[in-house]
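Reading through the structure tokens given below for one structure.
Naming: A, B, ... by sequence-line order, numbering from 1 per chain.
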Amino acid sequence: MMAVGASHYDFDRFGIIFRGSPRQADCVIVAGTVTKKMVPVVRRVFDQIPEPRYVVAMGSCACTGGVFRTYSTVQGCDTFLPVDVYVPGCPPRPETLLEGMMMLQEKIRNEQARWSPWR
Amino acid sequence: MIQKEAEKIFETRELNVNMGPQHPATHGVLRLVLDIDGETIVKVTPYVGYLHRGIEKLGESLSYFQALPLTDRMDYVSAMSNNIGYVVAVEKLFGIEAPERAKFIRTIVGEMSRISNHLLWLATHALDIGAMTVFLYCFREREWLLDLFEMICGARLTVTYPRVGGVRNDVPQEFLESLWKFTDEFPSRILEYETLIDQNRIWLQRTVDIGVISAEEAINMGMTGPTLRGSGVPYDIRKHMPYDAYDKVDFDVPIGTKGDTYDRYRCRMLELRQSNNIIRQLIEKLPPGPVMVDDPKFTLPPKDKMMPITHPTKEIAYFILEKACKGCGMCMRACPAKAITGEKKAAHKINQALCVNCANCLVTCKFKSVTVVSGGKGLSDEKLAELAVAPDQLPEDIKQAQQLLVKQFEFIKKGPKAPEGDLYVATEVPKGELGFYFVSDGSGKPFRMRLRAPSFIHAGCLPRLCVGHLVADVIAAIGTIDIVLGECDR
Amino acid sequence: MAVTEVRISIHTTGLNPKDIAEKIKGQFPDQVIDVAEFRDQVSVIIKRDQAVAVLKYLHDDPVLSFDHLQDLTAVDYKGKKDIRFEVVYNLYSTRYRHHIRIRAQVPENDTKINSAVPVWSGADWHERECFDMFGIEFTGHPDLRRILMPEDWEGYPLRKDYPLKGPELDKDWPGFTDVLKRSKELREFDWEG
């Protein structure tokens, strides 16, 4: 995820900019394993994002729990978050994450009913 | 009296600030609770465990060979070093020795991983302190190294390239050439970073005399790696307990004098040069030969010999011979696709539509009733019964492939048995001392697998480094100990 | 420049671990139960009562001078040994370059042992982790709380009788199940395109 932000892959050219606070964000990327201890925190971060908001699950662990079928791991963050895009891979290649974000942009573009026609 | 009045009017109290676990500067999911008096820090309480996935417990349920990929996911920044640490430990437990060439390759990729780790550390540390350009410069070189990793094993971060008893495959010639070019250019790149920050006034103000720790205290707290060496303790496992090919190369260990953030930064910058040097020496000395131990106990059977069964173009089908089947139900339980049906003590049947050709039934059957029909895919049961022959009358290559397949199953499912005992093996990963403590009970799985993660200890030292400084220096302290929370929490 | 590069020789000159084991035996004859050796690594198995005294001796003795606590952990020998737990200390001397492993036996019905924090302050988090994962109490520890698991978690995950996949969903950690319940309630407000 750091590599995507750096110059080699460059998130910014697709209009995606990292923000430090959930209150300024439109989308949250759940990167990596979600543990049970982390669940209340992730949910709170999601609740702080103003509507409309989107969730990208990045990596196998965030999508399904991955190899970690253990006592402390949540089997996929879709158990408590409405996930829009699943990005597979362990970890996903930067291109994959870019593709996922572009799919999300496509999805938002097609959401006609949610937006006013004068947008 | 006046003072008391003044105290009453200007009553002060400590402020409690929560930092993390979703804070961009904490390098992951570290949570700190700071008690601050104005801008000065009085107390720091780190909370970890937000990424605890139970790798130690999971390792107890897997064989020694299966647990290897879990070690990538600990310190995902320098996965190669973690793999090497694990592999060295398991090799010592089994009492095997990797071939010379494999040892050299492992040392090369280990040092590459050290460079890429230190580059990421420098990038994020500088970004936290406020130097954005260094971040972009460092990632330029890091991408080069990750491309090289991709060339040898196909993955950028979670490599799983070293194996118990050697490495997965030999390195291609282009890899060595490209790496040689990298080592040619890299020293000038280090100078580039240093021109940006080394004598930069802001950098000096943010790092000099911040987080000072003395040598005695540092070693007493269990610090290792560059974090310890910054305080002037020449403890480097590559020199103290050489593993792989470290006893065949000539390198120095940089140590600091004061033990502040700047010294630790300098140590890591000099380590980059030393690692570059080590790689150059090793490429020059790289001996020819095999890269994996020649022992069928520790290696998977050759894939091309299994091709008569496993290759998709062979279109094989599995079939149960009615005469030989005793109806024990073993295959039914082993079938993952639930394609086998049948009553007890009567001949079982494979539903060809559901069969996924996994060969589980072939391996589990004790009565030699399961056979392979070459080119039998999609045929009806009657036709298969006509074509099927008893397992011992099959062609020689299929028979051999069958035996190898059984061997592979046993290797994967049970794993080779380790001798009984316990041992602790430490290796020098970029962050410090990574130790593996195994307790073996003589079976194929570790009875107890313990990972001594350097980040865990270093995170515990945070309170000591931060107290008395300003809030902004907490970021510098987190950066200087170089923690990755995946390794810290395991 | 403050940082210097030093050359460290590879040759090790430390004591033979067997001699160290003999020394411990000589100093604490009634504490040492057994000495085990595997792959040139020697472990001294001791009783838990004087464990910290043994460790303090190893740390302070000028000839031994074990200044680096490499690792502190516990092992659950359920069904293998009569005394269920063992607390394992891996020690190393950076000055003389020798190793020793100390294993202190802790019975199941009274899982208590003295804390090694006064000897090595780095033992702090190791002991908290041991407490978290095995439920071994370190008396004299300054701040014995759970470290990796949530503070109100039930059970000790690394014990052998704890299931790998954890408790059932209805008996799971309330912090987790509450969020699951709440997110199910909130799901009706989610946008469905």
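Here the side chain of H126(C) pairs no donor or acceptor atom with the backbone of I457(B) at under 3.5 angstrom.
Of the atoms belonging to Y424(B), heavy atoms from both backbone and side chain fall under 4.5 Å from chain C. At a 4.5 Å heavy-atom cutoff, the contact between L93(B) and chain C is made by backbone and side-chain atoms alike. When heavy atoms are compared at a cutoff of 4.5 Å, Y47(B) approaches chain C solely by way of its side chain, counted from C-beta outward. For H99(C), the part sitting under 4.5 Å from any heavy atom of chain B is the side chain, from C-beta outward, and nothing else. Contact annotation for V439(B): only side-chain heavy atoms (C-beta onward) come within less than 4.5 Å of a heavy atom of chain C. Heavy atoms of L423(B) lying under 4.5 Å from chain C belong to its backbone as well as its side chain. Heavy atoms of S440(B) lying under 4.5 Å from chain C are absent altogether. Heavy atoms of E216(B) lying under 4.5 Å from chain C are absent altogether. Within the 4.5 angstrom heavy-atom criterion, no atom of E86(C) approaches chain B. For chain C, the nearby part of R490(B) is the side chain; its heavy atoms alone come within less than 4.5 Å. For V119(C), the part sitting under 4.5 Å from any heavy atom of chain B is the backbone (N, CA, C, O) and nothing else. Using a 4.5 Å cut-off between heavy atoms, D260(B) does not touch chain C at all. Contact annotation for E56(B): both backbone and side-chain heavy atoms come within less than 4.5 Å of a heavy atom of chain C.
A donor and an acceptor atom, one from each side chain of R464(B) and S121(C), are nowhere located under 3.5 Å apart. Under the 3.5 Å distance criterion, with hydrogens and angles disregarded, no donor-acceptor pair is assigned to the side chains of D489(B) and Y50(B). R452(B) and Q70(C) form no side-chain donor-acceptor contact under 3.5 Å, judged by distance and modelled atom types alone. Under 3.5 Å, the side chains of E487(B) and S455(B) contain a donor-acceptor pair of N or O atoms. Checking T94(C) against D67(C) by side-chain atom types alone, a donor-acceptor pair falls below 3.5 Å. Side-chain atoms of T73(C) and D71(C) form no donor-acceptor pair, as typed in the model, at a separation below 3.5 Å.
The most heavy-atom pairs under 4.5 Å with chain C, out of G460(B), C461(B), G222(B), come from G460(B). For the set G230(B), S61(B), P419(B), the entry with the most heavy-atom pairs within less than 4.5 Å of chain C is P419(B). Of the listed residues (N90(C), D40(C), L69(C)), the one with the most heavy-atom contacts under 4.5 Å to chain B is N90(C). Ranking M149(C), M133(C), K80(C) against chain B, the residue ahead of the rest is K80(C), based on heavy-atom pairs under 4.5 Å. Ranked by heavy-atom pairs under 4.5 Å with chain B, the list D132(C), V88(C), D143(C) is led by V88(C). Taking chain B as the reference chain and counting heavy-atom pairs below 4.5 Å, the highest number among R103(C), R146(C), R128(C), E37(C) is found for R103(C). Ranking P157(C), A123(C), P150(C), A36(C) against chain B, the residue ahead of the rest is P157(C), based on heavy-atom pairs under 4.5 Å. The greatest number of non-hydrogen atom pairs below 4.5 Å with chain B, out of R145(C), R101(C), E129(C), is found for R101(C).
Annotation: side chain of Q105(C) is not in contact with side chain of F85(C) (no heavy-atom distance under 4.5 Å).
Between W173(C) and W153(C), the ring planes lie tilted relative to each other; the angle falls in the 30° to 60° range. By the 30° and 60° cut-offs, the orientation of the rings of Y64(B) relative to F438(B) is perpendicular. Ring pair Y243(B)/Y246(B) is perpendicular by interplanar angle, where above 60° counts as perpendicular and below 30° as parallel.
Taking the charged nitrogens against the carboxylate oxygens, R266(B) and D198(B) do have a contact shorter than 4.0 Å, which makes a salt bridge.
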Discussion item. Let's go through L158(C) and E60(B) carefully: what are the C-alpha distance in whole Å and the side-chain angles of both, what is the deciding distance for side chain to side chain contact (heavy atoms under 4.5 Å, CB included) to 0.1 Å, and is it a yes or a no?
Written reply: CA-CA 10 Å; L158(C) 273 181; E60(B) 286 169 16; 4.1 Å; yes
